[in-house]
Amino acid sequence: MSSALTAAQVDGGDGETPITAAAVAALTGGRLLGDPSVVVQTIAPLDRAGPEALSFYAHARYASWFTATAAGVVVVATELADAAGPSCVRVVVDKPIDAMLPLLARFQRRRPRPIGVHPTAVIAPTASIGDGVTIEPYAVIEDDAVVGPGSWIGPHAVVGMGCTLGRDVRLFAGAVLYPFVECGDRVVLHAGARVGREGFGFLPGPTGITRIPHVGRCVLESDVEIGANSCVDRGSVDDTIIGAGTKLDNLVHIAHNVRVGRMCFFAAQVGIAGSARIGDGVQFGGQAGSAGHLTVGDRAVIAARGAPASDVPGGETWSGFPARPHRDQLRAQAALARVMRILRPLEQLVAKEPTA
Amino acid sequence: MSSALTAAQVDGGDGETPITAAAVAALTGGRLLGDPSVVVQTIAPLDRAGPEALSFYAHARYASWFTATAAGVVVVATELADAAGPSCVRVVVDKPIDAMLPLLARFQRRRPRPIGVHPTAVIAPTASIGDGVTIEPYAVIEDDAVVGPGSWIGPHAVVGMGCTLGRDVRLFAGAVLYPFVECGDRVVLHAGARVGREGFGFLPGPTGITRIPHVGRCVLESDVEIGANSCVDRGSVDDTIIGAGTKLDNLVHIAHNVRVGRMCFFAAQVGIAGSARIGDGVQFGGQAGSAGHLTVGDRAVIAARGAPASDVPGGETWSGFPARPHRDQLRAQAALARVMRILRPLEQLVAKEPTA
Amino acid sequence: MSSALTAAQVDGGDGETPITAAAVAALTGGRLLGDPSVVVQTIAPLDRAGPEALSFYAHARYASWFTATAAGVVVVATELADAAGPSCVRVVVDKPIDAMLPLLARFQRRRPRPIGVHPTAVIAPTASIGDGVTIEPYAVIEDDAVVGPGSWIGPHAVVGMGCTLGRDVRLFAGAVLYPFVECGDRVVLHAGARVGREGFGFLPGPTGITRIPHVGRCVLESDVEIGANSCVDRGSVDDTIIGAGTKLDNLVHIAHNVRVGRMCFFAAQVGIAGSARIGDGVQFGGQAGSAGHLTVGDRAVIAARGAPASDVPGGETWSGFPARPHRDQLRAQAALARVMRILRPLEQLVAKEPTA
């Protein structure tokens, strides 16, 4: 790495608030093994942590890092409590991932929020800007847009004509809302998210290919999060709707007329084709997808890289392409392996058969 | 959804021009069932439409929405003309999707075009700007760029040094043309499209890995459309060319030296590797791809998620990975299912055979 | 193509420095066949080259282009030296791709670098800007950011609070560094790259779903290149690290806590799930991926569209999904084809068996 990175900068990612091992145990409900007065003031992974750092040891796969760590305090999973390792203080907890939450929140280095509207922002006179809004350099708010109170519009973000944003909406740098997108409260768009584009629809017409006009809506309900560089197209006649609380990771594509339910999680690079209906609580793994004009039932799970080409019943886990129930997918894989083990004798059998 | 969204805003997506049921029938050549004087003034999907809205009922899968709709007028497919449903006026047409086109065009709420060059745009003195061009806030037009008449450059868009844009080119927010890209007439780049980047080419050299300089061109012929956040790289020695009328959806990747023919359609998240030659009228389904250095013949279709690793003859439909003719793909899937049905007896047979 | 593109513009991609055939031979160590005094001043592919252009003929697949080319000088691969073709001067070399490098470097049309800081750039007073830095229009450099000497920040790029950039870092248009990202020397971010976003991590908490705070680092070591619209998330507790010299193509996703080694090459649309450990010198083909929490050993190769779901030993080539050694993958494909050839006789055999 560059020698331009000084130690102080490399140490980043922490709020630098000192905390004792005893306090760590108290915050996490963990069992303390060692000196309760040891103080740490940063969080770091085992292999980078120094004596001033708190770290986590949650999986045996990191055993070699644990034995070599210089961390001052380590939160250790119950089943690893007695692992051979350094003389650091241990805080033993049942679920390190749950223990992480209060600790991370305490150490998180928060970005101070700039105040008010930067003078370089271009805001249409007909736009309505709520109380307590932050608008960063070079943001553009177009005609008739409504930005709800407490919202925070990042640099170079664009709120298109007639968009409506609820309370505490957050647009990161360069996020773009095409005209007439509707966002509920606490919606988050990460850098480069593109929402409300006219969908990919064309029809042969008298003078060649014609773009289908898109008069449907594009709605992000409250608490929706759209990842960096993800795209959500607006509807043609129907609406594109992302239900409340649903989270999309980076580089996801949602085509026109898709309706996604509430509290869904779509991992990175998922793509949903037009007019699909996705229920509540559905999960798509990374690089998964869905054909258009089908229904995925509530709480279904599409495994990474899976992509259904037909309706998926609620509550089931499907995988592969075309996706089928994961159990069937595994059976098919196993069947091929079994066939391979007897393929030569089978070929010999067939060769011997007079009727073959 | 957020209570901040008022009814008037939620109703969006329409041009709010009243039209009678009789006029709807006349525009679509449909058969009117009901009161010709009923007036509608918006378009909405069946489940959201109120008495003031026109809607469409094109597929039996939406039967439950149709029976419950409050729409004033519904354009109904011939085979669904007698479907049980509400007392709305029906306009019966053979192909609802074709009927949609004139209606949507009539109702579409168009964005008024801002006039002229926004004072915040940075335009190099050596750039040439045609008549009737719109340049929005914070756009950047670099040295020697040529922007053809009628073009419309969105906020934060960048037209790199020496780029040439024909007539009526449209760059949406944040689209970036690297230097020396050539665009024909009516080319559309959606938000965040990146065109003309040096391709991903490296060679081991005397002092380590060297980037291959890219002196080839990057050409978007007339009527090309590039989706949001899609990327088209420039050529190394050869040219990257997207043929006239070709449309790319969102998050598509076109590598260096790829030549795509005319009137192709690439769905979202398609990726084409370097030096592939794609003919005219080729279609790639969503998340499909192609290996590099191969040829896909005219009017071939690569199904969703398919990806050829060898040449594809013109006119054929291929699927799977490595892609093969779709018929063969289906046969292979069926064969595995057939094997699974007889796998246990086959294993028993082999176990009984002395020679196995 | 648009008639607005004049010949001079269409010819682009060259530095227009005249060079004789003799000099081409000298630069490449090639064998000259023809008049050494012929002069060329551009580089172009065979099908576009005129008498003033140098071109390359490296693969027999371009034979028809070669026979019809009007190029003045053609660098020809040894095995094609005697190919029937036009009367152009030929320079015969063993490896045209290696010969390309010095020639392309000579002809490359370089973009003149703008000098200094554009007056529209917004630079926080607490930011530190090194010597010889270029900052283009509308770039934003936030509080406490450090931009190393010789760096070049493109239009609308954002360097977030507390980021540290080494020497000669290059951000293209609209690239965004979230706060506290660390870049070594000569790091390149292409247009729309998004680095340092909080990763996609959520936990059920007392008041619903909670975002996991991300206090880990996001580090791009020296000579890393991030393609257009690619995304690299920051770590939660662990760090996200891209090792020195690693190159990512366009639309790549790297999730939180991923550690990628040195000198890796990831082709376009690759996605790596959280906490994966990728060794040195690893290559991922286009649209490939990796499950999270696994290890890919040094110099492993994951073929295009492949995606391991378990550890990959160093030096092996894996393909398919779930990925396995490429040899096994080919055997499985071949086995299915073999089964298909004997499937009907097998079904007949089973039908005849009394015990089946």
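A note on names: the letters A, B, ... follow the listed sequences, proteins ahead of strands, and every chain is numbered from 1.
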Can you confirm whether or not the ring centre of A/F321 sits under 6.0 Å from the ring centre of B/F321? no

So what's closer than 4.5 Å to chain B heavy atoms on [X]: side chain, backbone, both or neither?
X      : result
A/L294 : backbone
A/A191 : neither
A/A332 : both
A/V252 : backbone
A/V232 : neither
A/V176 : side chain
A/S275 : both

Check each atom of B/L248 against the heavy atoms of chain A and say whether the ones under 4.5 Å are side chain, backbone, both or neither. backbone

Part of B/F266 within contact of chain A (heavy atom distance under 4.5 Å): backbone

Between B/H118 and A/V122, is the side chain to side chain contact (heavy atoms under 4.5 Å, CB included) condition met? List the steps. CA-CA 10 Å; B/H118 196 273; A/V122 170; 4.0 Å; yes

Pair B/R48-A/R217, side chain to side chain contact (heavy atoms under 4.5 Å, CB included): steps then yes or no: CA-CA 11 Å; B/R48 173 166 65 87; A/R217 297 183 299 161; 3.0 Å; yes

Ignoring hydrogens, what is the shortest heavy-atom contact between [X] and [Y]? Give both atom names and the distance.
X      : Y      : value
B/R305 : A/R305 : NH1-O, 2.8 Å
A/N229 : B/L251 : O-CD2, 3.5 Å
B/H156 : A/A157 : CE1-O, 4.1 Å
A/P213 : B/A105 : CG-N, 3.7 Å
B/L343 : A/V339 : CD1-CG2, 3.5 Å
B/A173 : A/R194 : O-NH1, 4.5 Å

Please round to the nearest 0.5 Å and tell me the distance separating atom [atom1] of [X] and atom [atom2] of [Y].
X      : Y      : atom1 : atom2 : result
A/S236 : B/F56  : OG    : CZ    : 9.0 Å
A/L336 : B/M340 : CG    : CE    : 10.0 Å
B/Q348 : A/I342 : CD    : CD1   : 10.0 Å
B/Q269 : A/Q287 : CD    : CD    : 9.0 Å
B/K247 : A/F200 : NZ    : CZ    : 8.5 Å
B/R61  : A/R277 : CZ    : CZ    : 8.0 Å

Mind ranking [options] by heavy-atom pairs under 4.5 Å with chain B and telling me who comes out on top?
options                        : result
A/M161, A/R331, A/R197, A/E198 : A/R197
A/G289, A/G130, A/G148, A/P179 : A/G289
A/V237, A/T295, A/D238         : A/V237
A/A335, A/A334, A/C231, A/P322 : A/C231

What's the verdict on side chain to side chain contact (heavy atoms under 4.5 Å, CB included) for A/V158 and B/F172, showing C-alpha distance, side-chain angles and the deciding distance? CA-CA 11 Å; A/V158 176; B/F172 282 86; over 6 Å; no

I need the residue from B/L349, B/D47, B/L46, B/T120 with the largest number of non-hydrogen atom pairs under 4.5 Å to chain A. B/D47

Side chain to side chain contact (heavy atoms under 4.5 Å, CB included) partners for B/A53, two or more places apart: B/T42, B/A44, B/A49

Test salt bridge (Lys or Arg N to Asp or Glu O under 4.0 Å) on B/E225 and A/R211 and set out the steps. CA-CA 11 Å; B/E225 180 166 333; A/R211 227 189 181 299; 2.7 Å; yes

Just to verify, what does A/D223 make a salt bridge (Lys or Arg N to Asp or Glu O under 4.0 Å) with, not counting sequence neighbours? A/R186

Run the side chain to side chain contact (heavy atoms under 4.5 Å, CB included) check on B/D249 and A/D233 step by step: do they pass? CA-CA 10 Å; B/D249 200 350; A/D233 287 353; 4.2 Å; yes

Could you check if a side-chain atom of A/R338 sits within less than 4.5 angstrom of a side-chain atom of B/L346, using non-hydrogen atoms only? no

